[in-house]
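See structure below.
All of these numbers come straight from a predicted model, not from anything done at the bench. Every chain is numbered from 1, with letters handed out A, B, ... down the list of sequences.
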Amino acid sequence: MCGRYTLHSKPGVLSKHFGTVASPEFKPRYNIAPSSLCPVVRLKNDAKEIIICHWGLIPHWAKDDAKIKPINAKAETLSDRPYFRQAYKNRRCLVPANGFYEWQGKRGSKTPFYIHPVRSEFFAFAGLWESWQGPDNTIESFTIITTSANKTMSAIHPRMPVIISSQDYDSWLEKGADGLLKPCGEDKIAAYPVSARANNPANDSAELIQMA
DNA sequence: CCAGACGTTGTT
DNA sequence: GTCTGG
DNA sequence: CCAGACGTTGTT
DNA sequence: GTCTGG
């Protein structure tokens with residue numbers, strides 16, 4: 001699955017890669033955990049924009065501050081789940097990342113691996129977004145879509161995020177083609193073990209992605 | 001009908 | 001908003 | 001995702 | 001064991 005990732009490219013590089021007018025400022029992150037504020041790419045009036053959203057989806061119909069805030073949504077059941085169906089139909093996004101973490105082992109002795117793109121600076125995870133209107137505030141949030149592992153990933157973990165290729169960015173945002181919701185090619189990603197310092201989300205520095 | 005839930009993951 | 005359980 | 005907390009009472 | 005916080 002996908003429960004921790006990195007994004008350390010400069011905002012200008014991000015907006016250039018994703019074809020947006022500009023990007024909000026954000027600090028380089030090497031250990032983004034759920035509930036963090038993160039940049040995502042979405043459509044606004046046929047143009048792409050980058051906005052900062054909470055990781056953990058809060059549906060627009062939630063009454064109070066929702067108890068369940070899914071950080072992932074299964075690609076296989078997106079159309080079935082009332083929780084995701086509307087967002088899948090109307091509110092898709094791309095989640096920029098430079099890489100993500102996945103763990104092996106039991107609680108107390110987890111070994112993290114870092115997975116990164118082979119020929120690109122960025123991953124673009126397929127995501128969904130929502131805007132929740134409270135009495136005093138609005139919360140924009142997102143979730144990352146997961147699928148089964150490709151051959152590279154399956155050595156580590158049975159699932160992985162859906163990764164959209166750059167030539168499919170517009171197609172995903174505009175139409176959300178089902179055909180894009182599958183594991184990426186095994187040669188698009190590579191993985192290596194890193195220090196267990198990555199386990200604690202309080203640690204957030206470039207050394208976390210050094211090979212262990 | 002109304003009330004209450006709505007998720008994914010890993011682990012045994 | 002939409003489905004499930006009672 | 002992992003790490004860390006998980007409670008009530010009375011008193012200042 | 002299960003929930004919350006980061």
Query raised in the report: Between C:dG1, D:dC2, D:dG4, which nucleotide gets closest to the side-chain atoms of A:Asn200?
Result: D:dG4

Query raised in the report: Looking at the side chain of A:Arg81, which of E:dG6, B:dG7, D:dA3 is the nearest nucleotide?
Result: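 Output: B:dG7.
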
Short side-chain N/O contact to [N] OP1/OP2 from [X], under 4.0 Å:
X	N	result
A:Lys69	D:dC1	no
A:Asn72	B:dT9	no
A:Thr146	B:dT9	yes

Describe the nucleic acid contact of [X] in one word from base, sugar-phosphate, nothing, applying a heavy-atom distance below 4.0 Å.
X	value
A:Thr77	sugar-phosphate
A:Phe84	sugar-phosphate
A:Ala202	nothing
A:Gly56	nothing

Query raised in the report: Are A:Glu76 and A:Arg159 within salt-bridge range, i.e. N to O under 4.0 Å?
Result: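 A:Arg159 and A:Glu76: salt-bridged.
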
Query raised in the report: Are A:Glu140 and A:Arg42 close enough for a salt bridge, meaning some N to O gap below 4.0 Å?
Result: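 Between A:Arg42 and A:Glu140 there is a salt bridge, with a charged N closer than 4.0 Å to a carboxylate O.
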
Requested in this report: Taking only heavy atoms on the protein side, list every residue of residues 34-43 of chain A lying under 4.0 Å from any atom of DNA chain E, sorted numerically.
Outcome: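 By residue number: A:Pro34, A:Ser35.
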
**Report entry** Stem segments of DNA chain B by first residue number [Watson-Crick or G-U, under 3.5 Å, at least 3]
**Finding:**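 Only these stems qualify: B:1-6 with C:1-6.
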
